[in-house]
Amino acid sequence: MLLTLLAVSFIVFAAFEIIPGDAAVSRLGSNATKESVEALRAQMGLDRPFIVRYLSWLAGFVKGDLGTSYSYNMPVSSMILEKLPITITLTILSMILTIGVSIPLSLLIAKYAGSKFDKISYGTNQFAMAIPSFFLGILMSWFFGMVLKWFSPGGYISYKKNFGGFLGYLILPAIAIAIPKCAMSIKLLRSAILTEAGKDYVRTAYSRGLSTMEVLYRHVLKNAMIPLITFWGMAVADMIAGSIVVEQVFNIPGLGRILLTSISNRDYPVVEAVILLIALVVLIMNLVVDVLYRVVDPRLRKD
Amino acid sequence: MKKWLKKHSNFNFIIGSVITGVLLLTVLIGIFATPYDTTQMSAADKFAKPSLAHWMGCDNYGRDILSRVMEGMGNTFLIAVLTVLIGTVFGVIIGALCGYFGGLLDDILMRINDVLFSFPSILLALVIISLLGTGRLNVTLALGIAFIPSFARIVRSEVKKQCSLDYVKSAALMGAGHMRIIFVHILPNIMPVLLSSVMIGFNNAVLAEAGLSYLGIGVQPPAASLGRMLSEAQSFLFTAPWYAIFPGLVIVLTVLGFALLAEGTTEEE
């Protein structure tokens, strides 16, 4: 895992290295004298060889020093640290919604498999999976914000000022992110539950006198969750990416805002740091999925 | 043909092909003619409500939304098709070679691929765009590159599975070269899997393109794009909600149609 992270960090750093355009020139403007550009390059450390810069950047990353933003001239780490709670909260909220809604709903749907209710929910599900989160966000801010006037779109409340209000504002974006993921989870979970429900151990459990509820929750659900763990693990990364777009819809100054402004400003230290951070999250989630597999499925613990 | 029709005559497939067919037809018509000029502004029609003259209403410049949606659909479809094409061609080549030969290069490539694969494609595309710059061509390239890992992964695992089968061994015994075995013998056998991932990939491409255009780094104005229209419409949600609703609905229908088609074709196999 560490090796993978190293490889990714190298690719990220190298990729931003080969693009044309000099950060020092873009900061001073094209009219700058050669001497001042050279001086700034030396000050920014751009005159050192590539591999030296990569190693010092990497060492800094390990220590938590992510470099200095070109356009804001402040440490990248403090820029990101300030915005990180927003995106993390949004991701966690969407994840809770996805898992919390999809498990009971898919149990319910699986219970009535083949009925009209099952078919209707199948159609709804297909539809929900096709809606991009940002369109859902626009629709919701129109409906709840302008038709019903429940909240003011764009009236983001900082988590430092009012945490309750901040959470309240994040609910709608979280729902917008969660709905397509939730639909996908229900689809996967429904078929997993139905596959499991046809197996011998379920019949055994019933013959031991357990109630439907006990069988479903204690036996079937546990086994049906296994394929879902992979999906949810990957969904975390997707949700972070989704939140980048949805943050724009609801005017939330999160990680997405930083990433987008720094991309348009060609502020590469910030872009690199954000990307590497998300890669780290992806890798950690892969690890968490592996561990969870072992927790849920004892057969995997042997090797 | 009749047999094929019968095989695919399930509900999903029919609905999916109807939706996709209608949308494709609209795109085709849009290439040759749109009801109005897509860039023609008219002060009188500013925020005109949906009516017989303007089926989807007009935007803040009085441009006909239906015409712009048609042009935007064309752009989205073109980008999505090219994206999937890039992703499939390179994904198949890399995946097939890695799966067939294995070895150290396979190990390294797949290790990196694991991370890239779980990295959301829209984010990957964002990074590539920040390297290449914005615009239609760059978005296509970026998304195409971003889609390579997932195709490579699928193809690799399928090729690996096929390699242990007898027909591959007998082909090798009969003296077929590696390239012949990969592209003539194995590839046709993994087509069903590849086909359904191409359809899913197309959907992801449509969604990613719409997302990128919404963020303002996809198709650049004055060219129309569904995602871009949504971001422009957002400022006028109160006065003209239809400006946002119609382009968004078209995205939803496109994705829905293809998802049902993919579902319908895999259901029977």
Side-chain angles (χ1 to χ4, degrees), chain A residues 1 3-5 7-8 11-12 15-16 18-19 119 122-123 126-139 141-143 145-147 153 180 233-234 236-242 244-245 248-249 256 259-260 262-264 266-268 271-272 274-275 278-279 282-283 285-286 289, chain B residues 11-12 15-16 19 108 111-134 203 206-212 214-217 226-227 230-231 233-235 237-239 241 244-245 247-260 263:
Chain A
M1 179 186 147
L3 263 171
T4 322
L5 193 61
V8 172
I11 295 172
V12 170
F16 284 94
I18 50 175
I19 38 167
K119 279 178 191 135
Y122 174 80
Q126 286 289 356
F127 198 73
M129 270 190 280
I131 307 179
S133 312
F134 66 94
F135 178 50
L136 211 57
I138 293 175
L139 283 185
S141 66
W142 168 63
F143 188 71
M146 289 168 185
V147 179
M234 282 179 64
V236 171
D238 267 353
M239 282 175 176
I240 296 176
I244 288 175
V245 188
Q248 292 302 107
V249 178
L259 188 63
L260 288 171
S262 49
I263 282 177
S264 56
R266 303 191 150 239
D267 195 348
Y268 296 132
V271 183
E272 284 167 349
V274 174
I275 297 301
I278 295 174
V282 167
L283 282 168
M285 282 324 293
N286 285 353
V289 167
Chain B
F11 191 66
N12 280 334
I15 301 275
I19 295 177
I108 297 172
R111 194 47 79 72
I112 295 170
N113 211 352
D114 272 349
V115 183
L116 291 183
F117 173 73
S118 26
F119 221 71
S121 50
I122 190 167
L123 214 60
L124 215 54
L126 233 113
V127 178
I128 302 169
I129 286 170
S130 72
L131 300 173
L132 298 173
T134 57
N203 267 350
V206 169
L207 286 176
E209 190 276 328
L212 288 175
Y214 173 78
L215 293 177
I217 43 187
L226 297 176
L230 276 176
S231 85
Q234 220 191 331
S235 338
L237 265 182
F238 191 70
T239 32
I245 289 172
L249 222 52
V250 170
I251 300 177
V252 175
L253 281 180
T254 310
V255 176
L256 184 69
F258 258 86
L260 289 177
E263 198 109 319

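In the text below, chain A, chain B and the rest are named by the order of the sequence lines, each starting its count at 1.
One distance of note links CE of A/M129 with CG of B/N203; it measures 10.0 Å at 0.5 Å rounding. B/L226 CG to B/S231 OG: the interatomic distance, rounded to the nearest 0.5 Å, is 11.5 Å.
For chain A, no part of B/I129 is nearby; none of its heavy atoms comes within less than 4.5 Å. For A/L259, the part sitting under 4.5 Å from any heavy atom of chain B is the side chain, from C-beta outward, and nothing else. Heavy atoms of B/L126 lying under 4.5 Å from chain A belong to its backbone as well as its side chain. In this structure, the portions of B/L256 lying under 4.5 Å from any heavy atom of chain A include both its backbone and its side chain. Only the side chain of A/L139 comes within contact range of chain B, with heavy atoms under 4.5 Å apart. Residue A/F127 touches chain B through both its backbone and its side chain, counting heavy-atom pairs closer than 4.5 Å. The part of B/L215 that comes within reach of chain A is its side chain, from C-beta onward, which places non-hydrogen atoms under 4.5 angstrom from that chain.
Counting all heavy atoms, side chain and backbone alike, B/L207 lies closest to A/A130 at CD2-O, 4.2 Å. Among all heavy-atom pairs drawn from A/V245 and B/G211, the shortest one is CG1-O, 4.5 Å.
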Evaluate the criterion side-chain contact (heavy atoms from CB on, under 4.5 Å) for residue pair B/I245 and A/W142; output intermediate values, then yes/no. CA-CA 10 Å; B/I245 289 172; A/W142 168 63; 4.0 Å; yes
Report the C-alpha distance between A/F135 and B/I251 in whole Å, list the side-chain angles of each, state the deciding distance to 0.1 Å, and finish with yes or no for side-chain contact (heavy atoms from CB on, under 4.5 Å). CA-CA 9 Å; A/F135 178 50; B/I251 300 177; 5.9 Å; no
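Your options are A/I131, A/D238, A/I278, and the one with the most heavy-atom pairs under 4.5 Å with chain B is A/I278. Ranked by heavy-atom pairs shorter than 4.5 Å toward chain A, the options B/V206, B/I122, B/L253, B/L230 are led by B/L230. Here B/A210 is the residue among B/G257, B/A210, B/A259 with the most heavy-atom pairs under 4.5 Å with chain A. By number of non-hydrogen pairs under 4.5 angstrom with chain B, the leading residue of A/L260, A/V271, A/I244 is A/L260.
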